[in-house]
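Worksheet: one structure, shown below.
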Amino acid sequence: MSGEAELASKWTRPDDFIRLQLLKQKKKRLAARVSNNNNNKRADLQLDETDKTKLLEAKLAQKRKNPFAKSTDDAKKQRIDTDLPNQEPVTASSCFVRETPTRPPPAKFLLQKFDPQAFQKLLHQPHINAEEEDDAVLAARQKHTSHLPVDWCLKSRARFFCPTELPAIQLKTSQLASGLTSFVRCMDPQRTESTLDISDATRFNQCTYYWQHPHLPWLTLFPRNAKENTGVVVGERERKALAEEWDYSFRGLFQLLRARQCPYFYLCANTFTVLFRAAGVGGRAESHAMVTPSTRGMRQALRQEGIEFSMPLKNETAGGSGNDNSFNEDTNSTSSVVQEVAHEEAAPLVQEDEDDDEDWLESLGVDERELRRIQSSHARKQQAAEMREDFSDNSLLLIDGVECQGFFSYLLNAKSAISTVGRLAGVPPTLLSPVAFPKATMQHLVPRSKKVRLDGVDYFSVDIKGVIMPTFLPSVVELFCETRQMFSSTLASSINTLAFSKATQKLLENPEAPQSEGDEEDAAGQVFGEQNLSECGLLPAVVGSICRTGQHAVGLLERVCYQRGEGFAWS
C-alpha cells in the first residue's frame, strides 16, 4: 500500500500541469518587460543634452504642409507695371501681383433683377437698340392677348414664377379636405354657400387633381414609352381582368361625353393618342375625335369599317380625299356626296385606262412578267406616297359627328389598341379625364415650391410635375389673376400631342365666311356651347375658355407672362 501511494504522488494532474504552464508564461513576460525597461533606461542615459537639442531642432524644422494652401505651381508669373508716373526702383514690396487660376470659375446661374416695368415694355414694344437684338427676336415671337389661349396638348411640367408669395404647398387639414371636397363634388366654393375653405392654397390644391384609368402604381402609364416600364410581365389572367375593367370604364366615359357631362378626355395608346371632345368644345357643333399620329394601316382599317375622316393638317400638294377644310354640316354632307360620286365615276375610267394600257403593252410584245413588274412598281410608288406623312403631325385624323360613334366601337374591338408586345404588353390604353368616370382613380400632381433671394428681392416659384390637362392652366391663371399683380409660367409639352392644338387652330380659321357674319355665328356658338356644358364639372371661366372661338382662341404655349391691366404675353 505504501508503494502505491508513493507512485501516485509522483504523477502530476492535468490541472496542476496547466497551472504550471501559465505560471511559466507569466514569468517570461515579466522578465521581458523588466529587460525592456532596463534597455530604455540605458539608452536614455547614453543620450546627452546636445543630442536632445539637435532632435528638437530637427523636429521643429519640419514644417507641416497646409492642406488648404493654394497651389502656385501653375500660376502666372508676376507682372510688374513699369509705366507708373513716378518711376521708382522696382522691389518685391512695391509691385502689384495678381494671381489668376488656370481654370476659370464656373459660370453661376443668376436671375435677372425684377423690373416692374418689364411687362409694360414688352407689351408696348419700345425702340430696341442693337445690343438688344436677342430680346427683340424673343419679343417679336411673343403674342399679346387679353385672354389666355387654350393649349390642347398634354403637358408634363409647369413652373410658375412670381415676385410675391405663391399659394402654400404644405396644406392644413381644413385646406386639404376642402380642396378634395370641391374637386370631387365639382364645386366652386367662392360662388356657392358652403363652409369650405376658400383660401388660395385650397383653390390651388383643387386644380391639381385629375382622373385616370387604369392605375397600376408600379407602371408609368403616361408617357407610355417611359424607361421605368422595363421587365413588366402581365399574365393571361391579369390581361383579361384589365381588358374587362377598361371596356366598362371606356363605355361609361364616352356616354358622359355624349351627354355633355364630360367636356373632353384622352385615350393614350402605345402608338397613338386620341382626344375626344364634346359638342361645343373647340367651336365644333357635334362631338368629335382627333387621332395622332396615324398610319396607312389605320386609315385603311377605318375605311374598311366605313368610318369617314378628314386630315386637316395634310399638305395640299399631297392630295387625297382626306383634305377637307369645310366645317358646316351641309357643306360636309355635300362634299362627301360629291366625293363619293366622283370616286364611283372615276373608278371605271381608271380601270378602263389600265386595261387599255395593258392591251397596248401586250400588242407591243411585252412579256407578262414585265407587265407584273411594272404594275408592282406603280403600286409601291402609290403606297410610298400615302405613307410619306405617317407618324407626323400632318397625319392627324378628324372624326366628326355620327362617325365618332363608329370610331368608338372600332376602338373597343381593335386589336391595335392593346399591344401584345413591348414594355406595356397586355395593358389597356390610359384614359385621362378632368371629371370622374367609372373605375377611375383620382390622381394628384406633384408640386414643389422654392424661394430665391437676389439683391434684396424675394422670388417665389412652384414646379408642377405630372399629367397636366388643358384645363389646369386656365384654372390656375384665373386664381393668380385675382390675387397677383404679375406672374409668369414656363411649360413643357408632350411632343406626341402637339398636333391637337395645331389642328384646332386651323379648324377655327374660316377665311371664306364674311367677317361680320362669322363673328356673330362664333359668338352665338360659343354662348350655346357654354350653356350646354354648364354642368360638366368645370368652373364657368374654364368652360368659356375651351368653348372660345375666334382669333387667338387656341395656341401652343411655352411661356406665359401676365400683368394686371396689360394682359397676357405668350409664345
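Sequence neighbours left out, the pairs with a member in residues 267-282 that pass side chain to side chain donor-acceptor pair (under 3.5 Å) are R224-N270, R277-H288, R277-T504. Evaluation of the salt bridge (Lys or Arg N to Asp or Glu O under 4.0 Å) test over residues 483-499, restricted to residues two or more places apart or in two chains, returns D200-R484. Annotation: side chain to side chain donor-acceptor pair (under 3.5 Å) contacts involving residues 401-417, sequence neighbours excluded, comprise R258-Q405.
Looking at heavy atoms from C-beta onward, P223 lies out of side-chain contact with S494 at the 4.5 angstrom threshold. With a 4.5 Å cut-off on side-chain heavy atoms, L267 and F272 count as touching.
Annotation for R448: atom CZ does not count as buried by contact number, only 12 or fewer foreign heavy atoms lying within 6.0 Å. The neighbour count for Q261 CD, taken as heavy atoms of other residues, nucleotides or ligands under 6.0 Å away, is above 12. The number of heavy-atom neighbours closer than 6.0 Å to CD1 of I495, taken from other residues, nucleotides and ligands shown, is 12 or below.
Between Y264 and W152, the two ring planes are perpendicular [angle over 60°; tilted spans 30° to 60°]. Taking the six-membered ring where the residue is Trp, Y562 and F568 present tilted rings, their angle falling between 30° and 60°.
R157 meets the side chain to side chain contact (heavy atoms under 4.5 Å, CB included) test with R159, D463, K465, A492; sequence neighbours excluded. Every residue meeting the ring pair (Phe, Tyr, Trp, His ring centres under 6.0 Å) condition with F160, not counting sequence neighbours, appears here in chain and number order: F480. E482 is linked by a salt bridge (Lys or Arg N to Asp or Glu O under 4.0 Å) to R203, counting only residues two or more places apart in sequence or in another chain.
A donor-acceptor pair is defined here as one N or O able to donate and one able to accept, closer than 3.5 Å; such a pair exists between the side chain of S249 and the backbone of P438. Side-chain N or O atoms of S501 include none that pairs as donor or acceptor with a backbone N or O of L556 at under 3.5 Å. Checked by atom type and distance alone, the side chain of K506 pairs as donor or acceptor with a backbone atom of P312 at under 3.5 Å. Between the side chain of Q551 and the backbone N or O of A553, no donor-acceptor pair lies under 3.5 Å.
Minimum heavy-atom separation, L257 to A278: CD1-N, 3.4 Å. What you find for L445 and V467 is that their closest heavy atoms are CD2-O, 3.3 Å.
Side chains of D197 and S199: a donor on one and an acceptor on the other come within 3.5 Å.
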* Should L154 and L432 be marked as a side-chain contact (heavy atoms from CB on, under 4.5 Å) after you check the CA-CA gap, both sets of side-chain angles, and the distance that decides it? -> CA-CA 10 Å; L154 292 172; L432 303 172; 4.2 Å; yes
* Given side chain to side chain donor-acceptor pair (under 3.5 Å), test D390 with T295 step by step and report yes or no. => CA-CA 5 Å; D390 287 358; T295 59; 5.4 Å; no
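Across Y210, Y209, F265, W211, a single residue satisfies side chain to side chain contact (heavy atoms under 4.5 Å, CB included) together with M469, and that is Y210.
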